[in-house]
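Encoded as structure tokens, the structure appears first; notes follow it.
As the structure is a computational prediction, the values presented were derived from the model and not from experiment.
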Amino acid sequence: MSKRKTICIFGESPLAIEYAAFCAQNGFEVHLRLNEDRSRKKTSLPKGIKKVSKASKTTQLALELTNISLEVKKKNLIELDKNLPARIPIVSSSVTITAQEQSSWLVHQERLVGIGALPSLLEGKAIELAPSSGSSETAVAATKEFIAALGKEPVIAQDSIGLVMPRILCMLANEACFAMMEGVAAGKDID
């Protein structure tokens with residue numbers, strides 16, 4: 001009997017919670033640390049997710065899922081890089097900053113691989129990953145394996161801000177807002 005893989009997720013709600021729940025549903029042991037947000041009520045976590053203050057030594061892959069504050073993202077990535085063994089991949093959302101720039105914050109730059117992570121994108125069939133020019137083959141292979149274990153197809157995208165699917169999703173949301181503002185249709189009709 002094989003032991004469940006431990007995934008550590010640092011990030012913002014609701015994205016980090018969505019990924020944590022999805023990973024737990026797919027057989028991973030999930031350790032989650034949400035970015036501090038004093039303006040919200042205490043967030044209840046889905047069943048089977050362990051709230052942590054730091055990454056554990058049993059972590060086999062780390063996810064950093066912060067899209068709003070680059071300062072918090074940088075702090076999380078530096079902490080993960082410092083506290084996890086150099087062989088552990090760090091997979092980080094590349095919606096607002098490239099994997100290349102994120103990896104420049106790390107001592108072990110080769111371990112970082114970017115992904116296209118926005119709320120609701122897990123509903124699709126694929127997850128985009130964007131290796132930086134310095135991402136190791138080992139980190140890329142581990143990221144592909146992780147995505148496949150989630151039942152998704154790993155798709156390589158060029159390392160650019162937003163990747164492909166997040167850009168398309170944001171473009172559709174913007175067009176829907178423009179249509180509503182111009183009186184083309186009511187919000188409920190657009191939905």
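The CG atom of Leu70 sits 5.0 Å away from atom CD1 of Ile97, with the distance rounded to the nearest 0.5 Å. Atoms CG and CH2, from Leu80 and Trp105 in turn, are 12.5 Å apart once rounded to the nearest 0.5 Å. One distance of note links CZ of Arg33 with CD of Glu79; it measures 4.0 Å at 0.5 Å rounding. Interatomic distance, Ser13 OG to Glu18 CD, rounded to the nearest 0.5 Å: 10.0 Å. Between Ser104 atom OG and Gln109 atom CD the span is 6.5 Å, to the nearest 0.5 Å. Atom CD1 of residue Ile88 and atom OG1 of residue Thr58 lie 9.5 Å apart, to the nearest 0.5 angstrom.
The closest donor-acceptor contact from the side chain of Asp81 to the backbone of Val107 lies under 3.5 Å. Side chain of Lys54 to backbone of Asn83: no donor-acceptor contact under 3.5 angstrom is found. Panel note: side chain Thr59, backbone Ala62; no donor-acceptor pair is recorded below 3.5 Å.
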| Hey, mind stepping through Ser132 and Asp159 against side chain to side chain donor-acceptor pair (under 3.5 Å) and telling me if it holds? | CA-CA 6 Å; Ser132 73; Asp159 183 25; 5.5 Å; no
| field | Audit row: Glu29, Lys5, side-chain contact (heavy atoms from CB on, under 4.5 Å) steps and yes/no | value | CA-CA 6 Å; Glu29 180 177 328; Lys5 281 194 168 189; over 6 Å; no
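Side-chain N/O atoms of Thr66 and Glu12 include no donor and acceptor closer than 3.5 Å. In this model, no donor atom of one side chain and acceptor atom of the other lie less than 3.5 Å apart for Ser135 and Glu110.
In this structure, the side chains of Ile156 and Lys144 come closer than 4.5 Å at one or more pairs of heavy atoms.
Each of Val91, Thr138, Ile90 was compared with Arg111 under the side chain to side chain contact (heavy atoms under 4.5 Å, CB included) criterion, and only Ile90 meets it.
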